[in-house]
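This report concerns only the one structure given below.
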There are 2 protein chains.
Amino acid sequence: MDARTDKPRTRIQIRNRETILDAALEVFSQYGFRGATVDMIADAAGLSKPNLLYYFPSKEEIHVTLLSQLMDTWLDPLRALDAEGDPVEEILAYARRKLEMSRDFPRESRLFANEIVQGAPRIGASLSTELKALVDDKARVIAGWSAAGRIAEVDPHHLIFSIWALTQHYADFDVQVRAVLGPARDPLREAEVFLDSLFRRLLLP
Amino acid sequence: MDARTDKPRTRIQIRNRETILDAALEVFSQYGFRGATVDMIADAAGLSKPNLLYYFPSKEEIHVTLLSQLMDTWLDPLRALDAEGDPVEEILAYARRKLEMSRDFPRESRLFANEIVQGAPRIGASLSTELKALVDDKARVIAGWSAAGRIAEVDPHHLIFSIWALTQHYADFDVQVRAVLGPARDPLREAEVFLDSLFRRLLLP
DNA sequence: TTTCTTTTTGACCAAACGGTCAAGACCACG
DNA sequence: CGTGGTCTTGACCGTTTGGTCAAAAAGAAA
């Protein structure tokens, strides 16, 4: 029975695959795909390299597994945007959820950023299908709110981009933000207040 | 005479160092430091590997040269923010200049993004000195405008972060933006309009 | 216990990598 | 032309890297 091809069956397989993916997330998000080595991941996971390769057939397979698991949960906040809710509050809540993800899952954010900055060689396809479909759908909802005069007139796609840019910035550029603000301040708490008022001013009709 | 230590003297040295730095910018910005190989840079520059290493002593030296050249020009738009000018127009002009840099120098933006996302291992020091000093200085200017009621009350540091995030997003996440918008649209022209109105709404008292 | 499967590992390999070196090609200048 | 410095290169080296393999260790089930 090959632990690398079939779904994990034993408790040891489940535990070790989880350990490996967590270690790989740590290493990949910090050094990028090519900057990370199998040895680094194995060390971080507390396993020997051959043992790690018993659970995943290759370094690339680990990376792909991480990315596809990520894409799934990464878009949940946008999926939750409710066409029936109050427009301004829905959009603000979306921005707030995205900012929470920057705070709670900065490694995931940086893994994604690394992939996109380098041209999305491994997930490019799903961007123009899966992601585009979802964004287009929600953009239509926002455009409807605009047309009905319930929020100001804004390009819905760029509104969504601005939420991504502003929230992910606090995870992806964390070092820079902290270097500039100095040690006494709390970037993500401040960002919550700032972004809330920014999007409120932008959206109020 | 060592072409690697002294300032370039001959025309050939000047030309080849320029060619190499341009090729290295292309490769580093696409693959990151560890993802780039000396052979890739040499190929892109049309030189043999030993010949390239005749002009720069190491791969790291090329990278450092690029980054320090970049830091210099990267902050020019912010330096140009004039305390004596019209507050809203000054800030809008800054955002516009930054967006132009995303359009005209996307490789530089991605080189920087790669460095920061991975924890700024090579320029971390100058972030908390050079960069922080400049930002703090300009933040004081903006705070003055706020206090005088000439723009709305905003946290000046986070205002600057928001300009960075929103403008660099269009260079760093270019693939994603284009994948979502589809082929018929012009992201950077649209962004200009969108950001202009966003910051206008945010800043008007 | 015995037997069978799953898990772990030390030793190893081929390719890729950053970098060196000695020697040849080229070029400016007298 | 010749001569001295600049530029270029093929061959090479030690290390790192992703990955393999046979065999040993550890579990599971009877």
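In the text below, chain A, chain B and the rest are named by the order of the sequence lines, each starting its count at 1. Keep in mind that this is a model prediction, so the values were computed, not measured.
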*Verify the contact: side-chain N or O of B:Asn16 to OP1 or OP2 of D:dT8, cut-off strictly under 4.0 Å; return yes or no.*
yes

*Grab the NZ-C1' distance between A:Lys59 and C:dA16 for me, whole Å please.*
12 Å

*CE of B:Met40 versus P of C:dG19: gap in Å, rounded?*
16 Å

*Taking atom CD1 of A:Ile12 and atom OG1 of A:Thr19, what is their separation to the nearest 0.5 Å?*
11.5 Å

Do any side-chain atoms of residues 86-93 of chain B form donor-acceptor pairs under 3.5 angstrom with protein atoms, and if so which ones, sequence neighbours left out?
unit_1	atom_1	unit_2	atom_2	d
B:Asp86	OD2	B:Glu89	N	3.1
B:Glu89	OE2	B:Arg200	NH1	3.1
B:Glu90	OE1	B:Asp82	N	2.9

If you restrict it to nitrogen or oxygen atoms, what contacts under 3.5 Å exist between nucleotides 9-12 of chain C and the protein, and what is each distance?
unit_1	atom_1	unit_2	atom_2	d
C:dT9	OP2	A:Ser48	OG	3.3

*When the distance from CZ of A:Phe56 to P of C:dT8 is rounded to whole Å, what number comes out?*
14 Å

*Who are the side chain to side chain donor-acceptor pair (under 3.5 Å) partners of A:Thr167, not counting sequence neighbours?*
none

*Mind calculating the distance between CD (A:Glu61) and C1' (D:dG19) to the nearest angstrom?*
14 Å

Check: residues 157-166 of chain B side-chain donor-acceptor pairs under 3.5 Å, at least two apart:
unit_1	atom_1	unit_2	atom_2	d
B:His157	ND1	A:Arg185	NH1	3.3
B:His157	NE2	B:Asp136	OD1	2.8
B:His158	ND1	A:Tyr170	OH	2.6
B:His158	NE2	A:Glu190	OE1	2.7
B:Ser162	OG	B:Leu159	O	2.6
B:Trp164	NE1	B:Tyr94	OH	2.8

_Using whole Å, what does the distance between atom P of nucleotide C:dT7 and atom CD1 of A:Ile14 come to?_
10 Å

_Qualifying side-chain hydrogen bond (donor to acceptor under 3.5 Å, both in side chains) pairs with a residue from residues 24-34 of chain A, counting only residues at least two apart or across chains_ = A:Glu26-A:Arg107

*What integer distance in Å separates A:Ile41:CD1 from D:dG19:P?*
10 Å

_Test of understanding: with side-chain contact (heavy atoms from CB on, under 4.5 Å), list the residues that count as partners of A:Asp76, not counting sequence neighbours._
A:Thr73, A:Arg79

_Sequence-distant partners of B:Glu18, side chain to side chain donor-acceptor pair (under 3.5 Å), two or more places apart_ = none

_At less than 4.0 Å, is any side-chain N or O atom of B:Gln13 found next to OP1 or OP2 of D:dC7? Yes or no._
yes

*Under the side-chain contact (heavy atoms from CB on, under 4.5 Å) test, residues paired with B:Lys59 that sit two or more places apart*: B:Phe28, B:Phe33, B:Val38

_side-chain contact (heavy atoms from CB on, under 4.5 Å) partners of B:Ser126, counting only residues at least two apart_ = B:Met71, B:Ile123, B:Thr129, B:Glu130

For nucleotides 22-30 of chain C, list the nitrogen or oxygen atoms of the protein found under 3.5 Å from its nitrogen or oxygen atoms, one pair per line.
none

*With respect to the phosphate group of D:dA28, does any side-chain polar atom (N or O) of A:Thr10 fall under 4.0 Å of OP1 or OP2?*
no

*Quick one: list whatever passes side-chain contact (heavy atoms from CB on, under 4.5 Å) with A:Asn51, sequence neighbours left out.*
A:Leu47, A:Ser48, A:Tyr54, A:Tyr55

*asked:* Check this for me: does any side-chain nitrogen of one of A:Asp39 and A:Lys49 sit under 4.0 Å from a carboxylate oxygen of the other?
replied: yes

*Using a heavy-atom distance cut-off of less than 4.0 Å, which residues of residues 24-39 of chain A contact DNA chain C?*
A:Arg34

